[in-house]
4 protein chains.
Amino acid sequence: MPPATPEPAARPLRVREDPAVRRQAILEAAARLFATHGFADTTVRDIGDEVAIKSGSLYHYFASKDAILEAVLREFLADLGTATAAIVSAGTSPRRQVTDLVRHAFTLMGERPYWVLTYQNEFLRLAGQPGFEFVAGESARIEAAWVAALTASAEAGDFAVDVPVAVRYRLVRDATWTAVRWYRPGEELDAAALAERYVAVFYGNHAAG
Amino acid sequence: MPPATPEPAARPLRVREDPAVRRQAILEAAARLFATHGFADTTVRDIGDEVAIKSGSLYHYFASKDAILEAVLREFLADLGTATAAIVSAGTSPRRQVTDLVRHAFTLMGERPYWVLTYQNEFLRLAGQPGFEFVAGESARIEAAWVAALTASAEAGDFAVDVPVAVRYRLVRDATWTAVRWYRPGEELDAAALAERYVAVFYGNHAAG
Amino acid sequence: MPPATPEPAARPLRVREDPAVRRQAILEAAARLFATHGFADTTVRDIGDEVAIKSGSLYHYFASKDAILEAVLREFLADLGTATAAIVSAGTSPRRQVTDLVRHAFTLMGERPYWVLTYQNEFLRLAGQPGFEFVAGESARIEAAWVAALTASAEAGDFAVDVPVAVRYRLVRDATWTAVRWYRPGEELDAAALAERYVAVFYGNHAAG
Amino acid sequence: MPPATPEPAARPLRVREDPAVRRQAILEAAARLFATHGFADTTVRDIGDEVAIKSGSLYHYFASKDAILEAVLREFLADLGTATAAIVSAGTSPRRQVTDLVRHAFTLMGERPYWVLTYQNEFLRLAGQPGFEFVAGESARIEAAWVAALTASAEAGDFAVDVPVAVRYRLVRDATWTAVRWYRPGEELDAAALAERYVAVFYGNHAAG
DNA sequence: CATGAATGAGAATTCATTCAT
DNA sequence: GATGAATGAATTCTCATTCAT
């Protein structure tokens, strides 16, 4: 029960912003905090502070702290899924597809490192969690695209060294995506250059003229 | 996409005797829980439950929850540092050293996955944290060993593809160590076989006779 | 043992026109919710939902959640007071008056169970609460009417068993009004028939010729 | 002005009491608060205050606020069930049994009014709630005992007025148990005397010699 | 050594209420 | 009038930590 006689209270500074903009700002802030402190160590107050809102007001935009994480992951996976699908259905050569996938990954890691990290860090914990089934589902779809491109490239004889595709996929995936933990664009090599070198190593040679 | 992580083993250790044994059991349990649930989501009670002890009693062995994490990381890094040093000071060829480093990593991921995961997961968060400076320090020492071996190998002309050592180091390190999220010994390939294939890809060829 | 209580009717009223009509709809909805969930467990949003209005808009009709409860009780007690006064000033015989009071109670419990329940459930809690003094006041007036009728009936020698009027009043009142927790018109006996039987028991005999 | 002497620090006053005693004290306090303010309006802090404990410490004794309510109801219903069973299986006459049931009710209302009120007030809300099925179950058992005694008494021709047992049961039950809202022992009539009069009214006559 | 009771500092969440639009 | 956004105070519950026994 709230107090029967509320005090006048100091005039609250109402900054009326576009709700959609503020919603996105919340996701942006949450992703950053989740990535740097971990979901468990991020409080809704922390998130509120970042967007100059009281923590209680967050609940106008999201039903719970979990729902914020869910929204971050949904948006991230939707974007990644779309980009991935575009690359592998472009009709380009297998090696080109692999290169584009890696390059896109580096670009994404440069542009939205916190979203990538949030996804990576929370993936395991969310495995069976109700409401988060889409994470495994969408991840599997993306994985299938990578595996398909790598398989086609192997069948085309592109690789200098022969290893099972399951092994190669993991090596490529892990080497590529873990770069989010150190890659910062603007330092040394940009995304395209870095991707070029990674792909060269993966193939054991440079792209054929 | 994202590397899967091993399930928590459900074996409550029951050690009544040697305090040192119990201390080690606590670290094992803690590492497993930290790796599977995250440090923040692991309660001292959870740890106590695993070793059949009340949470209050943990404080006879460790000063705090943080101290348990610290002990886990110290032991892990000490062991890893020792093994790493042994490999790179064995007087073997550069490629042999790199191969041994990778093989040792796979072996370690098979034997102590939870320690590896704990280290990886908490590394970023612990960056500046007081009391955890040793993590960055020891990590740097190990990194130096890997970089040295890779540099020597590059100078020996072992690699099919030429890339800056800083780039190659990260690719190799990330591809290798992230395998902890999916590698389970006893399935398909063992540590040695897997390491062999990884190294072949890294070099773009198989070891010269 | 304990009296069961009626289920909440799920009919969201949609009144767009007359403010007075909407005001009344709010009271109906509020009474239903207060009766079924309790005042404390009813949110202003719940009330708004029932009348298809946002909770903020309720404040155009009532100054506070408390004010809604107050209005419910005021209206209920006013109606009950009026009906009671009419019965006891009708110039009928004491037993007739008692019978009419009981019958009216059953009728009211059939027609407006939620208002009766709200009154009963919140009565104790509202005892000393400022702004709710009218509850005790009006209740006392109604009680006086019942006691007067019972006293007159006792003096007329209507009762088979002799007990102090204070005791009889409470027995009669409690037995009668608590029926709201189980009485549903249309099942078995109607209000008049039920009142008849109740009164017969209260008197220890059936009404004389 | 008092000297600026440093505070001696807040020595945590550890009053080491028998846990079972404190547990019961919590239930006692909780029942009182639930009865007077309602469950929803009682905070765990309120309960803690009553037993000079911090609210967090309550969770050493009960898993949740709900669990406290559950314990109150379980204890209450167990005691009531036992007493009821003893009365109806004593081999006494039906009217004696009814009288004993009513008398016991008044005694209980005198001794533990808050438990009775808590039961009555929260009964409805707990209807379908998981974990509270025992409430309906135990209540039904007690109701059966009352109905059996009343039926037997009716068959023995004890009642001056004839009404369906379902009606009579409710009238008797409601009149009796609702007395908890006003009955305070030590005023005017004691439990036995009050029960005697209530029963006389219920029967329409005084017990046969 | 081990424990159970206790604490206090938060944590997420709820909700009556306000008010600019 | 109506609404949605915002608030702030309160609520239940959690948990690392302490400490007398």
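In what follows, chains carry the letters A, B, and so on, assigned in the order in which the sequence lines appear, proteins first and then strands, with residues in each chain numbered from 1.
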Residues D:N121 and D:A35: closest non-hydrogen pair is ND2-O, 3.9 Å
For A:R23 and F:dG4, what is the distance between atoms CZ and C1' respectively, to the nearest whole Å?
-> 16 Å
4.5 Å side-chain heavy-atom contact, A:V72 and A:Y114 = no
A:Y61 vs F:dA6: side-chain N/O to OP1/OP2 distance below 4.0 Å = yes
So, the side chain of D:T118 versus the backbone of D:A31: is there a donor-acceptor pair under 3.5 Å, distance only?
-> yes
Quick one: on DNA chain E, does B:H60 or C:H60 contact a more 5' nucleotide (nearest heavy atom)?
-> B:H60
Separation of atom CZ in D:F62 from atom C1' in F:dT14, rounded to whole Å | 18 Å
D:D41 side chain reached by D:D46 side chain, heavy atoms, under 4.5 Å = no
Decide yes or no for B:I47 and B:F34: does some side-chain heavy atom of the first lie under 4.5 Å from some side-chain heavy atom of the second?
-> yes
Take D:F132 and D:V135, measure what side-chain contact (heavy atoms from CB on, under 4.5 Å) needs, and give me the verdict at the end.
-> CA-CA 6 Å; D:F132 285 93; D:V135 177; 4.2 Å; yes
Secondary-structure string, 5' to 3', Watson-Crick or G-U under 3.5 Å, | for another-strand partners, for DNA chain F | .||||||||||||||||||||
A:K65 NZ/CZ over A:F39 ring centroid, <6.0 Å and within 45° of normal = yes
When the distance from CD1 of D:I26 to P of E:dA5 is rounded to whole Å, what number comes out?
-> 11 Å
Would you tell me if any nitrogen or oxygen in the side chain of D:Y59 comes within less than 4.0 Å of OP1 or OP2 on E:dT7?
-> no
Mapping D:F39 and B:D41 onto DNA chain F by nearest heavy atom, which one lands closer to the 5' end?
-> D:F39
With DNA chain F as reference, determine whether B:A40 or D:V44 sits nearer its 5' end, using the nearest nucleotide of each.
-> D:V44
Could you check how far CG of B:D18 sits from C1' of E:dA2, rounded to whole Å?
-> 17 Å
When every non-hydrogen atom of B:R74 is compared with those of B:G131, the smallest separation belongs to NH2-O, 4.3 Å
Interatomic distance, B:E70 atom CD to B:L126 atom CG [nearest 0.5 angstrom] = 9.0 Å
May I have the step-by-step check of side-chain hydrogen bond (donor to acceptor under 3.5 Å, both in side chains) for D:W115 and D:E75, ending in yes or no?
-> CA-CA 9 Å; D:W115 300 65; D:E75 181 177 324; over 6 Å; no
In numerical order, the residues of residues 45-58 of chain D whose heavy atoms come under 4.0 Å of DNA chain F are D:G56
Student check: side-chain heavy atoms of D:R45 and D:L58 closer than 4.5 Å | no
Give, ordered by number, those residues of residues 118-132 of chain B having at least one heavy-atom distance below 4.0 Å to an atom of DNA chain F; if nothing qualifies, reply none.
-> none
Compare side-chain N and O positions of C:R22 against OP1 and OP2 of F:dG1 and report whether any pair is under 4.0 Å apart.
-> no
Using atom CG of B:D66 as one end and atom C1' of F:dC15 as the other, report the distance to the nearest whole Å.
-> 14 Å
